[in-house]
Amino acid sequence: TRQLRRLGASPDWARQRFTMDEGLSLAVRKVFVDLHREGLIYRDKRLVNWDPMLHTAISDLEVDQREIKGTMWYFRYPVEGGSSITIATTRPETMLGDTAVAVHPDDDRYKSLVGKFAILPIADRRIPIVADTYSDPEKGTGAVKITPGHDFNDFEVGRRHDLPLINIFDENAHLNENAPAPYRGLDRFKARERVVAEMESLGLLEKVEAIQMTLPYGDRSGAVIEPWLTDQWYVDAAKLAVPAIQAVEQGRTRFVPENWANTYFEWMRNIRPWCISRQIWWGHQIPAWYGPDGHVFVAMREEEAQGDAAKHYGTAVSLTRDPDVLDTWFSSGLWPFSTLGWPERTPELKRYYPTDVLVTGFDIIFFWVARMMMLGLHFMHEVPFRTVYIHALVRDEKGQKMSKSKGNIIDPVALIDEYGADALRFTLAALASPGRDIKLSPARVEGNRNFATKLWNAARFCQMNGCVPKAGFDPAKCEATVNRWIVSELANLGAEVTAALENYRFDEAANHLYRFVWGSFCDWYLEIIKPVLLSNQGPREETQSTAAWVLDQTLHLLHPFMPFITEELWEKLAHARATRLISAEWPAPGQGLVDVHASAEMNWLVRAVSEIRAVRAEMNIPPVAQLALIIKDANSVTAARVETHREILTKLARLSGIEFNDKPPPKGALQVVVDEATFILPVAGILDVAGERDRLAKEIARLKGEIERFDKKLGNESFVAKAPPEVVEEQREKRNEAARAAAKLGEALTRLAAM
RNA sequence: GGGCGCUUAGCUCAGCGGGAGAGCACUGCUUUCACACGGCAGGGGUCGUAGGUUCAAUCCCUACAGCGCCCACCA
């Protein structure tokens with residue numbers, strides 16, 4: 001909770017709930033009772049995953065299969081009548097509970113032995129040799145020991161052949177009284193050593209092999225899990241899964257990204273009975289009571305159970321409540337409706353069920369999502385949520401999953417302390433491309449902290465220059481090109497960000513915002529309007545209002561990512577807002593605000609400035625030197641643009657003046673091509689002639705290479721014939737553009753050489 | 001064993017049928033009145049390998065190699 005608050009999560013904190021709340025407990029009991037009555041919850045004696053350390057059963061999902069280096073032992077069991085049969089095992093101690101040896105019915109090696117009896121060494125027990133297809137001739141020796149009490153497969157085999165079931169472990173996985181006397185009380189691993197040693201001394205240990213194998217561990221205790229025979233409560237998950245599968249198949253609930261639906265289907269279609277009872281003290285106690293003879297009464301309250309028992313026995317009896325509690329995921333699975341007051345038909349339930357979006361990690365799909373789907377559909381007859389957004393998992397810089405035991409946890413609060421919650425949020429959003437985990441590095445967060453600082457300074461600049469949101473301001477009515485342009489850019493940004501959010505592409509939304517704020521708004525717009533703001537000339541008022549409006553909209557679009565700084569700036573930017581930013585209506589600047597002419601004009605200006613800056617930097621012209629600009633071969637559009645932006649072009653490109661002149665340029669000048677015009681910058685005194693010649697030659701060579709590629713493509717008949725006409729046309733235009741630039745630079749080079 | 005995903009600039013990752021992008025790092029210049037957590041300019045990639053489809057492949061298909069994850073009862 002503290003982390004969530006620091007991150008700026010904005011839930012309805014007043015509705016915080018805890019699964020052990022009275023209301024939720026009632027829902028849990030009702031669900032249990034109802035499912036029991038419907039036969040979907042039942043009690044059964046079978047093998048469970050037993051945690052010998054925590055002394056409780058756990059579900060399949062809480063078992064962690066780990067790859068380890070293990071050992072395979074080959075034991076020879078004597079067979080009555082003189083021969084013997086060899087089995088392989090990784091768990092020698094369980095042989096004390098063997099009640100058969102199984103071979104494949106078609107395995108010729110062992111056909112003659114089927115029906116005979118082996119003598120189980122140490123335990124000295126007569127056990128049958130049975131034929132069962134479970135036995136795989138390819139594995140081990142083709143003969144497999146059967147321990148129905150301590151192996152899930154063997155349990156099934158035992159059932160098929162009506163084999164006795166011997167439990168040799170107690171709750172600590174120590175050997176019990178069913179083991180031969182010397183073994184009683186031994187830990188399973190100690191017993192293993194002893195069995196191996198004894199078999200060896202009996203001359204019955206045939207071979208020992210080192211192998212790779214997997215072992216089940218309890219995900220909480222880390223203890224090796226033991227299949228153990230106990231009474232437990234089960235949910236018939238297979239039945240509940242049917243509608244839950246259909247709901248996703250039919251798209252009533254959608255996974256984002258959608259390939260997680262496969263994971264969900266895979267598990268749901270192979271789901272096994274869900275063991276829900278736990279022998280721990282913390283949790284919802286199971287509402288079941290036992291009579292003196294063990295008869296079970298399931299009821300909402302003890303009085304009801306007493307009543308049922310009295311009816312059953314014909315007299316009042318004393319009942320004992322089942323001490324077990326429920327798997328926490330059982331109560332969590334009710335969350336979407338139990339928190340809304342169910343089983344009461346509350347207004348909240350009506351209003352909020354089904355919910356819109358569940359946001360969670362993929363590792364929770366089985367534990368929680370699947371259970372909510374099953375229980376929600378069963379009790380509410382409607383999916384619990386329309387969309388399941390599976391977010392990326394945050395890993396450390398090396399891509400390792402963060403875990404307490406590895407000690408590589410990145411504490412979000414520490415990052416927030418250093419860089420701010422906004423920077424962290426923005427970083428996580430920007431890195432959250434679908435289907436990929438996030439490797440979180442502080443450098444990345446730092447970069448976005450800088451972004452927040454940039455935004456802050458930009459806002460400060462606006463404020464210092466009287467950019468205040470103006471009531472009744474209509475961005476469509478802007479007249480200055482630069483204002484029309486930034487309004488266009490903002491309108492595009494709004495559409496892009498909204499679309500990205502609707503598609504759950506938080507990364508795209510964040511990147512659009514970053515580029516707009518830093519690139520379009522700060523680097524260009526603010527720089528361009530500085531002269532206007534700092535003087536009393538020009539469209540000062542319009543510019544102030546426009547800047548304020550754009551900043552306002554930007555803060556809003558950025559708010560989900562950076563709630564703190566945007567809220568702060570929003571309130572600072574204007575007094576007496578009608579609402580706080582977080583509850584203001586999401587902006588939807590219309591596409592009618594987009595002015596393609598303004599965009600084209602500003603693109604030209606940006607290109608012109610950039611070209612001049614680049615050549616200056618490359619030719620080492622001192623930044624303080626102001627150069628004259630002579631524009632040659634300009635058409636009327638360019639001429640008009642120059643007039644409009646003369647002042648800003650002069651400033652940004654550090655020019656002393658601009659003139660149009662189509663005559664040959666003076667000696668010693670830098671030359672660049674912008675569209676149809678050649679920009680000439682006389683630098684007679686400081687020109688590095690050889691350097692400029694090289695630069696021009698290199699640029700011409702590059703263009704020639706391009707032209708060659710285009711010509712090759714355009715000369716290809718099948719390209720011209722089969723490619724879409726607009727593509728062909730586009731290539732042709734680009735080719736001509738390159739050719740034009742090359743020609744002009746060629747002239748420039750000639751002039752230079754003539755000096 | 002089954003399934004999913006990844007392989008693009010030094011690092012972390014976008015992109016995706018028509019001339020390779022971002023952030024960080026790096027190089028040069030720049031302390032000009034929003035911001036040095038800044039500005040300007042720049043270097044750097046045969047887009048894992050080999051085939052195929054196509055006028056055109058980093059992008060689609062197939063195989064292979066390497067890496068990661070999930071599921072599974074391999075004695």
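Remember, it's a predicted structure, so these values are computed and weren't measured experimentally. Proteins get letters first, then strands, A, B, ... in listed order; numbering begins at 1 in each.
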Problem - rC69(B) versus rC35(B) - spacing of their P atoms, nearest Å - result: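 48 Å, rounded to whole Å.
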Exercise for the section: Flag this pair as yes if the NZ/CZ of Lys530(A) is under 6.0 angstrom from the six-membered ring centre of Phe461(A) and inside a 45 degree cone about the axis; otherwise no. Expected result: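 Judged by the rule, Lys530(A) and Phe461(A) form a cation-pi pair.
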Exercise for the section: Go ahead and write out RNA chain B as dot-bracket, 5' to 3': ( ) for pairs within the strand, [ ] for ones crossing earlier pairs, | when the partner sits on another strand, dots for unpaired; Watson-Crick or G-U wobble, both distances under 3.5 Å. Expected result: (((((((..((((....[..)))).(((((.......))))).....(((((..]....))))))))))))....
Is it true that [X] and [Y] make a salt bridge, defined as a side-chain N closer than 4.0 Å to a carboxylate O?
X: Arg188(A); Y: Glu93(A); answer: no
X: Glu692(A); Y: Arg695(A); answer: yes
X: Arg702(A); Y: Glu706(A); answer: yes
X: Arg269(A); Y: Glu249(A); answer: yes

Does [X] get its side chain close enough to the base of [N], under 3.5 Å, for a donor-acceptor pair?
X: Ser718(A); N: rC55(B); value: no
X: Glu527(A); N: rA34(B); value: yes
X: Glu706(A); N: rG19(B); value: yes
X: Arg613(A); N: rC40(B); value: no

Give one of base, sugar-phosphate or nothing for [X], where a contact means two heavy atoms less than 4.0 Å apart.
X: Gly519(A); value: nothing
X: Asn716(A); value: sugar-phosphate
X: Cys522(A); value: base

Handout entry: Flag for Ser59(A)-Glu62(A): side-chain donor and acceptor within less than 3.5 Å
Key =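 Present: a donor and an acceptor within the cut-off.
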Exercise for the section: Compute whether any side-chain donor of one residue and acceptor of the other, for Ser441(A) and Lys439(A), lie under 3.5 angstrom apart. Expected result: no
Does [X] make a side-chain N or O approach to OP1 or OP2 of [N] shorter than 4.0 Å?
X: Arg272(A); N: rC73(B); answer: yes
X: Lys439(A); N: rC11(B); answer: no
X: Arg444(A); N: rA22(B); answer: no
X: Arg505(A); N: rG15(B); answer: yes
X: Asn450(A); N: rG38(B); answer: yes
X: Arg436(A); N: rU7(B); answer: yes
X: Trp518(A); N: rG39(B); answer: yes
X: Ser433(A); N: rA14(B); answer: yes
X: Lys713(A); N: rG18(B); answer: no

Practice task
Check the distance between rA22(B)'s P and Glu508(A)'s CD and give it to me in whole angstrom.
Solution key: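 Whole-Å distance recorded here is 17 Å.
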Problem - Closest listed nucleotide, where the reference is the side chain of Phe710(A) and the choices are rG19(B), rC37(B), rA75(B) - result: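 The closest nucleotide is rG19(B).
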Practice task
State which of rG18(B), rC69(B), rG38(B) makes the closest approach to the side chain of Phe719(A).
Solution key: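 Among the listed nucleotides, the one closest to the side chain of Phe719(A) is rG18(B).
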Problem - Distance flag, aromatic centroids of Phe506(A) and Tyr389(A), threshold under 6.0 Å - result: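 Distance test on ring centres: under 6.0 Å, yes.
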Completion exercise
5'-most contact on RNA chain B (nearest-nucleotide basis), Ser135(A) vs Ala617(A), goes to Ala617(A)
